[in-house]
Amino acid sequence: MRLHRNLVYTTIDSLNAIFNEGEYADKVVARALKKDKRWGSSDRKFVAETIYEIVRWKRLYSEIAEVKEPFDRDNLWRMFSVWAVLRGYPIPDWRQLEGTPERKIKGRFDELSKNRALKESIPDWMDELGVKELGEKVWAKEIAAQNQPAKVILRTNTLKTTKEALRAILMDLDIETEYLKDQPDALVLKERANVFMTDAFKQGFFEVQDANSQLVAAFLDVKPGMRVVDTCAGAGGKTLHMAALMENKGQLIAMDLYESKLKQLKLRAKRDGAFNIEYRIIDTTKVIKKLHEKADRVLIDAPCSGLGVLKRNPDAKWKLKPEFIDNIRKVQSEVLESYSKIVKPGGKLVYATCSILPSENQEQVERFLTTDIGKQFTFIKDHKILASESGFDGFYMALLERKA
């Protein structure tokens, strides 16, 4: 177990892009993995996992290393040395790592770990908000779970194959998967692998989608032949799942504010063989008005804080600001009132977020039900999912029915 200079240099460059240039970790990692064609899978694994680990534990490691933002290259090397010592790597005799105080690092780790915000490496405001909304006990468990790396979950594209057939195809590629109880289309990778390079992916046999995200489309109870509207489709993970559940029969309208996201969705739909999808950019209020009372089913996968998916997006801990959460709650109220009008009498609506905060979830639904449009709906059921209980992402979904 030793450190290789070229891999570590790539890691340092990547951390500089994320911490100092405001780039998103997933984009930086994707670029880093293409840097050297000679790297094997273990090299790429080291680079990806090390970048994500140091991003995840940024606050703790910078406190241990006694460095402050903005981090210059020496600071980044000091944070890297903290990671290496805590992971048990022998420190090589490189100029950048000279004089690494191994005992002091371990001592400071033990001392600082007594403070939850430092131990879990989150901003103080986030810790205070979590306690306020979920209570000390639940929040402590939840933030610890959100700091575990996310598993890779596949959703079988049932338009093209079955879960059993997909599992066999991947087994032939030495990619081992396991079934998930109560999840008809999900496969969990036993070990991380670059599944995007496989022919099975290129042929549209599966999508990568968190296990709890896969519950949303089924919760909406879509059926073949219906008219369904996904109002915040984005790049379309849930849209594609609904297309599969509808067996390509009926009409599925994917809407978003951003044309770039719908372009991504078009490419994915083509690969997946999902051809019952129509694409509409929400560039004026007319786009929504034209659909009033026209849909059997409506999904509002609302914009949110993303506090349920920190294990997948650890850099969100540092990019998120309290004022963003205040603003996003207003947006959630507006989209719920506006887009709910698309549901026809007797039709159903799901309001979903990848947040764990009651103020973005059940409190939004309760408030909506007191509005003029909300009074036309009946609350049927909701599902609150914590990462600490499920092992996957944190999610919320509420099912409402418009009175006939």
Side-chain angles (χ1 to χ4, degrees), residues 153-163 165-166 183-187 196 200-210 213-284 286-302 335 338-352 397 399-402:
I153 320 282
L154 311 182
R155 178 182 58 74
T156 311
N157 177 16
T158 52
L159 293 173
K160 289 199 167 181
T161 189
T162 64
K163 184 169 64 172
L166 175 61
Q183 293 270 33
D185 306 324
L187 289 173
F196 298 115
F201 177 72
K202 290 168 188 168
Q203 289 168 28
F205 288 177
F206 66 85
E207 291 287 339
V208 173
Q209 186 179 4
D210 179 75
S213 175
Q214 292 185 37
L215 298 172
V216 178
F219 201 72
L220 185 55
D221 188 30
V222 295
K223 300 269 193 303
M226 282 183 169
R227 175 184 263 192
V228 179
V229 180
D230 187 348
T231 58
C232 310
K238 297 179 188 75
T239 318
L240 294 169
H241 192 188
M242 289 193 287
L245 293 173
M246 292 167 74
E247 299 168 15
N248 262 335
K249 294 168 189 155
Q251 182 189 29
L252 178 51
I253 299 171
M255 310 173 81
D256 204 86
L257 296 169
Y258 302 103
E259 188 176 8
S260 58
K261 288 185 176 176
L262 291 180
K263 276 183 178 164
Q264 263 180 292
L265 171 52
K266 275 183 194 175
L267 292 172
R268 293 173 74 184
K270 189 178 177 189
R271 187 182 62 233
D272 283 10
F275 50 74
N276 67 331
I277 305 173
E278 282 181 31
Y279 306 89
R280 297 190 193 173
I281 301 156
I282 306 171
D283 48 7
T284 68
K286 279 184 191 160
V287 179
I288 304 295
K289 279 182 183 158
K290 275 184 185 167
L291 287 169
H292 278 186
E293 300 195 7
K294 296 274 197 336
D296 299 293
R297 299 284 184 270
V298 171
L299 173 61
I300 302 176
D301 187 16
V335 298
S338 172
Y339 298 169
S340 58
K341 291 171 184 166
I342 296 172
V343 185
K344 70 184 190 187
K348 290 177 184 172
L349 158 78
V350 162
Y351 170 81
M397 53 201 87
L399 180 65
L400 309 174
E401 186 168 19
R402 191 161 187 178

Closest heavy-atom contact between [X] and [Y]?
{"X": "Phe219", "Y": "Val350", "value": "CD2-CG2, 3.8 Å"}
{"X": "Thr161", "Y": "Phe205", "value": "CG2-O, 3.6 Å"}
{"X": "Leu159", "Y": "Gly273", "value": "CD1-O, 3.8 Å"}
{"X": "Ser340", "Y": "Leu349", "value": "CB-CD2, 4.1 Å"}
{"X": "Ala217", "Y": "Met242", "value": "CB-CG, 3.6 Å"}
{"X": "Ile277", "Y": "Ala243", "value": "CD1-CB, 4.2 Å"}

query: Can you pull the side chain to side chain donor-acceptor pair (under 3.5 Å) pairs that have at least one residue in residues 263-275, sequence neighbours excluded?
result: Glu207-Arg268, Glu207-Arg271
- request: Could you name each residue pair satisfying side chain to side chain donor-acceptor pair (under 3.5 Å) that touches residues 286-295, not counting sequence neighbours?
  value: Glu293-Arg402
Please tell me if the side chains of [X] and [Y] come closer than 4.5 Å, counting only heavy atoms from C-beta onward.
{"X": "Leu265", "Y": "Leu240", "value": "yes"}
{"X": "Val287", "Y": "Ile281", "value": "no"}
{"X": "Leu299", "Y": "Val228", "value": "no"}
{"X": "Val216", "Y": "Asp301", "value": "no"}
{"X": "Phe196", "Y": "Val208", "value": "yes"}
{"X": "Val335", "Y": "Thr231", "value": "no"}

message: Would the distance check show the side chain of Arg297 and the main-chain N or O of Leu220 forming a donor-acceptor pair, the cut-off being under 3.5 Å?
response: yes
query: With a 4.0 Å cut-off, would you call Lys163 and Asp185 a salt bridge?
result: no
query: If you measure from the Lys or Arg side-chain nitrogens to the Asp or Glu carboxylate oxygens, is any gap between Lys348 and Asp221 under 4.0 Å?
result: yes
- prompt: If you round to the nearest 0.5 Å, how far is CG of Asn248 from CZ of Phe275?
  reply: 4.0 Å
message: Between Lys341 and Leu291, does the side chain to side chain contact (heavy atoms under 4.5 Å, CB included) criterion hold? Intermediate values first, please.
response: CA-CA 8 Å; Lys341 291 171 184 166; Leu291 287 169; over 6 Å; no
field: Phe201 and Phe206 aromatic ring geometry - parallel, tilted or perpendicular at 30°/60° bounds
entry: tilted
- line: With Gln209 as partner, the option from Gln214, Arg155, Lys238 fulfilling side chain to side chain donor-acceptor pair (under 3.5 Å) is Arg155
For residues 252-261, which side-chain N or O atoms pair as donor and acceptor with protein atoms under 3.5 Å away, sequence neighbours left out?
unit_1 : atom_1 : unit_2 : atom_2 : d
Asp256 : OD1    : Gly234 : N      : 2.8
Asp256 : OD2    : Tyr258 : N      : 3.0

